[in-house]
Q: 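Please see the structure below; I have some questions.
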Number of protein chains: 2
Amino acid sequence: MRQWTHYPALDLSPILAVSLDQIVRHGYDATSVRKIAAEVGVTVPALYYHFENKQAILMALLDHAMTTVTAHVDAAVAEAGPDPVARLSGAVEAIVLYMAHHRDLAFLDSERRSLSPANLARYVEHRDRIEGLLRDAIVSGCRAGVFRTPAPAVCGRAILAMCQGVAGWFDPSGPKKAEETAADYVRIALAAVESA
Amino acid sequence: MRQWTHYPALDLSPILAVSLDQIVRHGYDATSVRKIAAEVGVTVPALYYHFENKQAILMALLDHAMTTVTAHVDAAVAEAGPDPVARLSGAVEAIVLYMAHHRDLAFLDSERRSLSPANLARYVEHRDRIEGLLRDAIVSGCRAGVFRTPAPAVCGRAILAMCQGVAGWFDPSGPKKAEETAADYVRIALAAVESA
DNA sequence: ATTGACTTAGCGAGCGCTAACTAGAATTCT
DNA sequence: AGAATTCTAGTTAGCGCTCGCTAAGTCAAT
């Protein structure tokens, strides 16, 4: 139970680990394949043995991010059962924990612009699914009369955006632990939808 | 009165207008000075007659963004007087209107990573000022007993993040006008801080 | 005669990416 | 079992291109 609150450290190949670090620090465009190779301790063509091109490295990292967050959020919502309060709470808690524990992966979201149309579509689809999860929970809460917000769709987007913001400021060595922050955000989200 | 709800179209020099368009479409790193020059209809050194280097173009645009949003939010908060509800409402309304009307300028926020340390510091200072405005309004509302959120600082960050998200999805040809969206967000923000 | 707003021409560096080769491990054939 | 082959995970060397940027010249308006 509540297995989805656990976010173990990432298990990435050396190339992906170095690439993630470099992209987070300097951005995708400013990260050259030469720099990645040098940091890994291999030559450039070694990268091309494992990945078709530079964008495939970014996409592999984004795939990792997508599967990680989707698995946790889906598990949280499934465990919550049919109650809209529990579903929204679970989704927000899982998302915030992800943002706090994997700030680097979360940052990659801002590099989606570098994706080809096909890859971008796949990524956007995933993001829409999570937004849909939030919106559905809010809408069903409104139908059940437990949420009173007059704008469920806008509310869903607002909540997702505020959760994503956590990755930008959360400090693991700061005063608030990830779990406390997640609890704060659950309370804020429930208040935002005007939970009865 | 309420002059700050007006966001007139930008008045940018041809170089800055083209640069903004290109940076929003392709990102700062992927926008070359050659592309900007060609789009403006001049040669590359003409850009260097008006700007010291490429980053100075980005910084000029960010300066424009900073002064625009700061002027409007400051005016909104000043007009609100001492009431925390009015101050928070005014700030959120002004920020959301800015995000909806100047989505391109708002997008530049994600390019702050390309700034030199000195320029970045100046930009972060400005962002912190706005976050401080929100936090102060929330804290004084808590002191006055009109807001009941147990985490005013976290709440301020959450509200700023959700407002910034508007720039990412707002569609001027969509069903919701900017003013309606701003009203939605004011209501969400007041609910989020648990306004009595 | 000077200034403002450019132009032509081009430097040096870094970019993503690839063809061709190689050392060692694993597998298959006789 | 031992030789021959194939596969894995790289290497060296370098192509063609674009990048930010600049020195030096032009030319109309002040």
Side-chain angles (χ1 to χ4, degrees), chain A residues 10-64 107-108 110-120 122-123, chain B residues 10-64 107-108 110-120 122-123:
Chain A
L10 290 173
D11 182 29
L12 295 172
S13 71
I15 291 175
L16 287 181
V18 164
S19 298
L20 177 56
D21 179 63
Q22 292 290 316
I23 292 172
V24 168
R25 288 234 289 266
H26 309 110
Y28 174 75
D29 283 310
T31 299
S32 72
V33 293
R34 276 167 243 261
K35 179 75 187 169
I36 295 170
E39 210 77 18
V40 173
V42 296
T43 58
V44 171
L47 303 184
Y48 286 88
Y49 177 78
H50 294 280
F51 297 93
E52 193 189 345
N53 51 36
K54 187 187 171 189
Q55 188 183 145
I57 295 178
L58 174 60
M59 199 57 204
L61 288 169
L62 283 170
D63 261 323
H64 219 90
F107 168 84
L108 290 180
S110 67
E111 300 291 357
R112 78 186 113 87
R113 173 192 51 224
S114 299
L115 259 28
S116 69
N119 282 336
L120 179 61
R122 208 150 64 76
Y123 184 72
Chain B
L10 291 174
D11 181 30
L12 295 173
S13 71
I15 291 175
L16 287 181
V18 164
S19 298
L20 177 57
D21 178 64
Q22 292 291 314
I23 292 172
V24 168
R25 289 235 289 268
H26 312 295
Y28 174 76
D29 282 309
T31 299
S32 72
V33 293
R34 275 166 242 260
K35 179 74 187 171
I36 294 170
E39 210 78 16
V40 172
V42 296
T43 58
V44 170
L47 303 184
Y48 287 88
Y49 178 78
H50 295 281
F51 297 93
E52 194 190 343
N53 51 37
K54 188 187 171 188
Q55 189 182 144
I57 295 177
L58 174 60
M59 199 56 205
L61 288 169
L62 282 171
D63 261 323
H64 218 90
F107 168 84
L108 291 180
S110 67
E111 299 291 357
R112 79 187 113 90
R113 174 192 48 225
S114 300
L115 259 27
S116 68
N119 282 337
L120 179 61
R122 206 149 67 74
Y123 184 72

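Throughout, protein chains are lettered first and strands after them, A, B, ... in sequence-line order, and every chain is numbered starting at 1.
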Q: Please report the distance, rounded to the nearest Å, between NE2 in His26(B) and C1' in dT18(D).
A: 16 Å

Q: Checking Gln22(B) side chain against Thr31(B) main chain: does a donor-acceptor pair fall under 3.5 Å?
A: no

Q: Quick one: label Val42(A) by what it contacts on the DNA or RNA (base, sugar-phosphate, nothing), any heavy atom closer than 4.0 Å.
A: sugar-phosphate

Q: Picking from dC19(D), dC6(C), dC17(C), which would you name as closest to the side chain of Tyr49(B)?
A: dC6(C)

Q: Quick check on dG4(C): is either OP1 or OP2 less than 4.0 Å from any side-chain nitrogen or oxygen of His50(B)?
A: no

Q: Given the structure, check if the side chain of Arg34(B) and the base of dG20(D) hold any donor-acceptor pair shorter than 3.5 Å.
A: yes

Q: Among the candidates dA9(C), dG10(D), dC15(C), find the nucleotide nearest to the side-chain atoms of Ser32(A).
A: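 Comparing dA9(C), dG10(D), dC15(C) against the side chain of Ser32(A), the answer is dC15(C).
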
Q: Using whole Å, what does the distance between atom C1' of nucleotide dC21(D) and atom CD of Glu52(B) come to?
A: 12 Å

Q: If we ignore hydrogens and angles and just use 3.5 Å, is the side chain of Tyr28(A) paired with the main-chain N or O of Leu108(A) as donor and acceptor?
A: no

Q: Can a salt bridge be assigned to the pair Glu39(B) and Arg25(B) using a cut-off of 4.0 Å between side-chain N and carboxylate O?
A: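 Looking at Glu39(B) and Arg25(B), the cut-off is not met.
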
Q: In this structure, how many angstroms lie between the P atom of dA13(C) and the NZ atom of Lys35(A), rounded?
A: 18 Å

Q: Nearest whole angstrom, please: distance from the C1' of dC15(C) to the CG of Asp29(A).
A: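 So the two atoms are 11 Å apart, to the nearest Å.
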
Q: If I take atom CG in residue Leu47(A) and atom C1' in nucleotide dT12(D), what distance separates them, rounded to the nearest angstrom?
A: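 For the pair Leu47(A) CG and dT12(D) C1', the rounded distance is 15 Å.
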
Q: Counting just side-chain N and O atoms, does Thr43(B) come under 4.0 Å of either OP1 or OP2 of dT7(C)?
A: yes

Q: Check whether any side-chain N or O of Gln55(B) sits under 3.5 Å from a backbone N or O of Ser116(B) as a donor-acceptor pair, and report yes or no.
A: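 Side chain of Gln55(B) to backbone of Ser116(B), a donor-acceptor pair under 3.5 Å: yes, one is there.
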
Q: Nearest whole angstrom, please: distance from the P of dG16(C) to the CZ of Phe51(A).
A: 15 Å

Q: Looking only at non-hydrogen atoms, find the nearest pair between Val18(A) and Ile36(A) and report the distance.
A: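 In terms of heavy atoms, the two residues are closest at CG1-O, 3.8 Å.
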
Q: Roughly how many Å is it from CG in Asn53(B) to C1' in dC21(D), rounded to a whole number?
A: 9 Å

Q: Is Tyr48(B) near enough to dC21(D) that one of its side-chain N or O atoms lies under 4.0 angstrom from OP1 or OP2?
A: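 Yes, within the criterion.
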
